S.K.: 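Below you'll find the structure I mean.
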Protein chains: 2
Amino acid sequence: MEMVLEKQVKALSERTLRRLPRYIEILKRLKSEKIEFASSNMIADELGLDSIQVRKDLAATGVIGKPKLGFAIDELIFGIKHTLNWDNQTDAFLVGAGSLGSAILGYKTFSDHGLNIIAAFENEPSKVGEIINHITVLPIEKLSDMAYRMKVHIGVITVPADEAQKVADMMIEGGIKAIWNFAPVHLKVPDFVIVENAQLSHSLGVLTHKLAESLK
Amino acid sequence: MEMVLEKQVKALSERTLRRLPRYIEILKRLKSEKIEFASSNMIADELGLDSIQVRKDLAATGVIGKPKLGFAIDELIFGIKHTLNWDNQTDAFLVGAGSLGSAILGYKTFSDHGLNIIAAFENEPSKVGEIINHITVLPIEKLSDMAYRMKVHIGVITVPADEAQKVADMMIEGGIKAIWNFAPVHLKVPDFVIVENAQLSHSLGVLTHKLAESLK
DNA sequence: TTTTTATCGATATAAATATATCGATAAAAT
DNA sequence: ATTTTATCGATATATTTATATCGATAAAAA
Ligand SMILES: NC(=O)c1ccc[n+]([C@@H]2O[C@H](COP(=O)([O-])OP(=O)(O)OC[C@H]3O[C@@H](n4cnc5c(N)ncnc54)[C@H](O)[C@@H]3O)[C@@H](O)[C@H]2O)c1
Ligand SMILES: NC(=O)c1ccc[n+]([C@@H]2O[C@H](COP(=O)([O-])OP(=O)(O)OC[C@H]3O[C@@H](n4cnc5c(N)ncnc54)[C@H](O)[C@@H]3O)[C@@H](O)[C@H]2O)c1
C-alpha cells in the first residue's frame, strides 16, 4: 500500500475539516463490511452530501481515486487521518475535572483523534490526587511549569466560564499552543495561539431555532 | 420596554445562528457592568468579529438599533433569545445516562437555552432508578410511549455509536421532532425530523489540523 | 438652535463555498 | 482487442457568506 501523502495538498477550509471525520466514520463501516473501494457517490449518499463536494474534500487530503472504482478505503482513511494529524498524538493537559471534564478524561476515543491527555488540573483540593481513567488530577498551581517542562502543546478547558480566561492565561504562560475550550466565553489570546471552541450551546441554539421554525 | 419582535425577520443562516449565543455572552457581561447600550463595534471588538457582520446578524433578530448609541442591551438579549427560541423551554428526553449523558443532565444552564430535560432512559438495569439532578433514569422500553403521551419534542442521544440509530428510531416513533446527537454516527431520519450533531471530534479535528499546520 | 458626530441599516462588492459540466481514464463487459 | 461504463478530477458557474460603501438619523456638543 503506497501512500503519496507529501503531495501538494490544497488549502483546507474549516467546513472541509469538519466533514473529514464523518468520512472516516463511513469508511470504517464500509471496511468492516469487507468493501475495499468507496466512490464519492457512496460516501455522499451515506451522509446526505453532494458527491462533488466529497471529491473536493478528499482531493484536499492528497489521496487519488481510481476511475470506475473510487478510493481505496485503507489509503483514504490513512490520508484523512494524516490530514487531521490524527496519525500522531499530541500531549494535552485538561483543566477542570468536573462533570464534563471527567467525561472527556474517560473518553478513550480521543486518543484516536490525536489527543493524549496526560494530566488534569484542579483548584479544588478534594479533587487533587484523584485518578480518572489513569490520568492523575494535579493542583492547578503546577500547570504552567509542567506544561513548559513537558512541552505540552494542547490545553483543554472545562472550568466554569468565569475561570476560563485565567486558566487560558496560565496555559499560554506554560507555552501551550492550542486550546480546546468548553467554557462559554470568548478567550482573549495572542495571535500565535489557536483556540477551538466546543460550545454546546451554539449547537443547541441551532436546534431550538430550527425546531421553533418547523413548528410554526 | 417595547419589543417589536413579530417584525418580519430575515432568513437566518446557520453561521448567524451559531454566533447569536456569543452575542448574548458579551451583552450579559456589559449589562453586569451597568452599560445600557452596545454598539455593533463594541460587540465585534469583544469577539474579534467584523462590526458589519454583527449588525447583519442582529438585523436578523428584528431588533432595531439607535444611531449614535447602538442597541439597547436588554432588548437585544431578549430579541436574540427569542430568535433562538430560548425564551421558551421545550421538554426533552435524554437517552444514555453514561458519563457524557450525566454531565449534560447535571448542567443547569441548558434550561436557559430552551432545553428542559424531564427524563433520562437507559438499557442498563443498574442505572434505571437513579436520579441525576432531579431527573429520573427510566428503562429504555418506555421511551417511545412516554414521548408520545407527554408530547416531548426533543431527544438527546448520548449512547454509544452503534446504539444511536436504534435510539433515534425509537424517538421518532414516539413523535420526537428534533434530535441532539452526541454519538459519532450519521443518523438516518425522515425529512421532518431535525438532527443537530454535537460531535466533539469534528471540533477536535479542526484543532489538531491547525496545530500541526502552525508547527510546520 | 445649529452643527458635529457616532452609529445604524440599506445597498453594493468581494470572497468563500457549493454545485454543475465535461473530458480523461482505467476497469469491466463484449 | 474493442467497446462500454463508472468514476475521477479539472475547470466553470452559481450560491452563500462576509466585507465595504455611504446616506440617513438621532444624540451630543457647540
Ligand atoms: N456539563 C455540561 O454538560 C456542560 C455543557 C456545556 C458547557 N459546559 C461548560 O463546561 C465547563 C465545565 O462544566 P461542568 O459541568 O463540568 O462544571 P463542574 O463545576 O462540574 O466542573 C468544573 C470544575 O472546574 C474546577 N475549577 C474551577 N475553577 C478552577 C480553576 N481556576 N482551576 C482549576 N480547576 C478549576 C472545579 O473545581 C470543578 O471541578 C463550564 O464552563 C460549563 O459552562 C458544561
Ligand atoms: N464522554 C465523552 O467525552 C464523549 C465525547 C465525545 C463523544 N461521546 C459520545 O457520546 C456517547 C456517550 O459517551 P459516554 O462516554 O457517555 O459513554 P458511556 O458508556 O459512559 O455512556 C453510554 C450510556 O448509554 C447506555 N446505553 C447503551 N445502549 C443503550 C440503549 N440502547 N438504550 C439506552 N441506553 C443505552 C449505557 O448503559 C451507558 O450508560 C458515545 O456515542 C460517545 O461516542 C462521548
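Because only heavy atoms are used, hydrogens play no part in the values below, and waters and symmetry mates are left out as well, while side chains stay in. In this text, all values refer to a predicted model and were calculated from it rather than measured experimentally.
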S.K.: For the side chain of A:Gln53, starting at C-beta, report the closest nucleotide among C:dA18, D:dG9, D:dA6.
M.R.: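 When the side chain of A:Gln53 is considered, C:dA18 is the closest of C:dA18, D:dG9, D:dA6.
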
S.K.: Report yes if at least one side-chain N or O of B:Lys56 is closer than 4.0 Å to OP1 or OP2 of D:dA18; otherwise report no.
M.R.: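 False: B:Lys56 side-chain N/O out of range (4.0 Å or more) of D:dA18 OP1/OP2.
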
S.K.: Taking CD from B:Glu14 and C1' from C:dT17, how many angstroms apart are they, rounded to a whole number?
M.R.: 14 Å

S.K.: Can A:Lys166 and A:Glu163 be counted as an ion pair, charged N to O under 4.0 angstrom?
M.R.: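 Salt bridge flag = yes for A:Glu163 with A:Lys166.
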
S.K.: Using a strict 4.0 Å threshold on nitrogen-to-oxygen distance, state whether B:Lys216 and B:Glu213 make a salt bridge.
M.R.: yes

S.K.: Would you please confirm or rule out a distance under 4.0 Å between OP1 or OP2 of C:dC8 and any side-chain N or O of B:Ser40?
M.R.: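 For C:dC8, OP1/OP2 do have a side-chain N/O of B:Ser40 under 4.0 Å.
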
S.K.: How many whole angstroms separate atom CD1 of A:Ile64 from atom P of C:dA24?
M.R.: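 To the nearest whole Å, that distance equals 18 Å.
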
S.K.: Under a 4.0 Å threshold between the charged nitrogen and the carboxylate oxygen, would A:Glu25 count as salt-bridged to A:Arg29?
M.R.: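 Result for this pair is no, no salt bridge flagged.
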
S.K.: Starting at atom CG of A:Asp45, determine the distance to atom C1' of D:dT7, rounded to an integer number of angstrom.
M.R.: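 In whole Å, D:dT7 C1' lies 14 Å from A:Asp45 CG.
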
S.K.: Tell me what A:Ser51 touches on the nucleic acid: a base, only sugar-phosphate, or nothing, going by heavy atoms under 4.0 Å.
M.R.: nothing

S.K.: Taking atom CD as the centre, does A:Glu36 end up with more than 12 heavy-atom neighbours from other residues, nucleotides or ligands that are less than 6.0 angstrom away?
M.R.: no

S.K.: Closest to the B:Phe71 side chain: C:dG9, C:dA6, C:dA27?
M.R.: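 Of C:dG9, C:dA6, C:dA27, C:dG9 is nearest to the side chain of B:Phe71.
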
S.K.: For the atom pair CG (A:Asn197) and CD1 (A:Ile179), what is the distance rounded to the nearest 0.5 Å?
M.R.: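 With rounding to 0.5 Å, CG (A:Asn197) is 10.0 Å from CD1 (A:Ile179).
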
S.K.: Of the nucleotides D:dT25, C:dC8, C:dA28, which one has an atom closest to the side chain of A:Leu69?
M.R.: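 Looking only at side-chain atoms, A:Leu69 lies closest to C:dA28.
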
S.K.: Once you measure the plane-to-plane angle for A:Phe78 and A:His82, does it fall in the parallel (<30°), tilted (30-60°) or perpendicular (>60°) bin?
M.R.: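 Rings of A:Phe78 and A:His82: parallel, as their planes differ by under 30°.
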
S.K.: Tell me whether the side-chain N/O atoms of B:Arg19 come closer than 4.0 Å to OP1 or OP2 in D:dT17.
M.R.: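 B:Arg19 to D:dT17 OP1/OP2: no side-chain N or O under 4.0 Å.
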
S.K.: Check the distance between D:dT17's C1' and B:Asp57's CG and give it to me in whole angstrom.
M.R.: 10 Å

S.K.: Grab the CG-P distance between B:Leu20 and D:dT17 for me, whole Å please.
M.R.: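 Spelled out: CG on B:Leu20 to P on D:dT17 is 14 Å.
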
S.K.: Report yes if a side-chain nitrogen or oxygen of B:Lys66 is closer than 4.0 Å to either non-bridging phosphate oxygen (OP1 or OP2) of D:dT25; otherwise report no.
M.R.: no

S.K.: Base, sugar-phosphate or nothing for B:Thr16? Non-hydrogen atoms, less than 4.0 Å.
M.R.: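 No contact.
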
S.K.: Specify the separation, in whole Å, of atom CG of B:Leu58 and atom C1' of C:dA10.
M.R.: 16 Å

S.K.: Taking the nucleotide of DNA chain D with the closest heavy atom to each, which residue, A:Met42 or A:Arg15, is nearer the 5' end?
M.R.: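 Result: A:Met42.
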
S.K.: Between P on D:dC8 and CG on A:Leu76, what's the gap in Å once rounded to a whole number?
M.R.: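 About 10 Å, once rounded to whole Å.
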
S.K.: Look through every strand shown and name the nucleotide pairing with D:dG23 as Watson-Crick or G-U wobble, where both distances are under 3.5 Å.
M.R.: C:dC8

S.K.: When all nucleic acid strands are considered with a 4.0 Å heavy-atom cut-off, which category describes A:Ile52: base, sugar-phosphate, or nothing?
M.R.: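 Counting heavy atoms under 4.0 Å across all strands, the contact made by A:Ile52 includes a base.
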
S.K.: Please pick, from C:dT25, D:dG9, D:dA28, the nucleotide with the shortest atom-to-atom distance to any side-chain atom of B:Lys68.
M.R.: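 Given the options C:dT25, D:dG9, D:dA28, the side chain of B:Lys68 is closest to D:dA28.
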
S.K.: Please state how far atom CG in A:Asp50 lies from atom P in D:dT13, giving the value in whole angstrom units.
M.R.: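 Rounded to whole Å, this separation is 18 Å.
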
S.K.: Counting any heavy atom closer than 4.0 Å, what does A:Arg55 reach on the DNA or RNA strands: base, sugar-phosphate only, or nothing?
M.R.: base

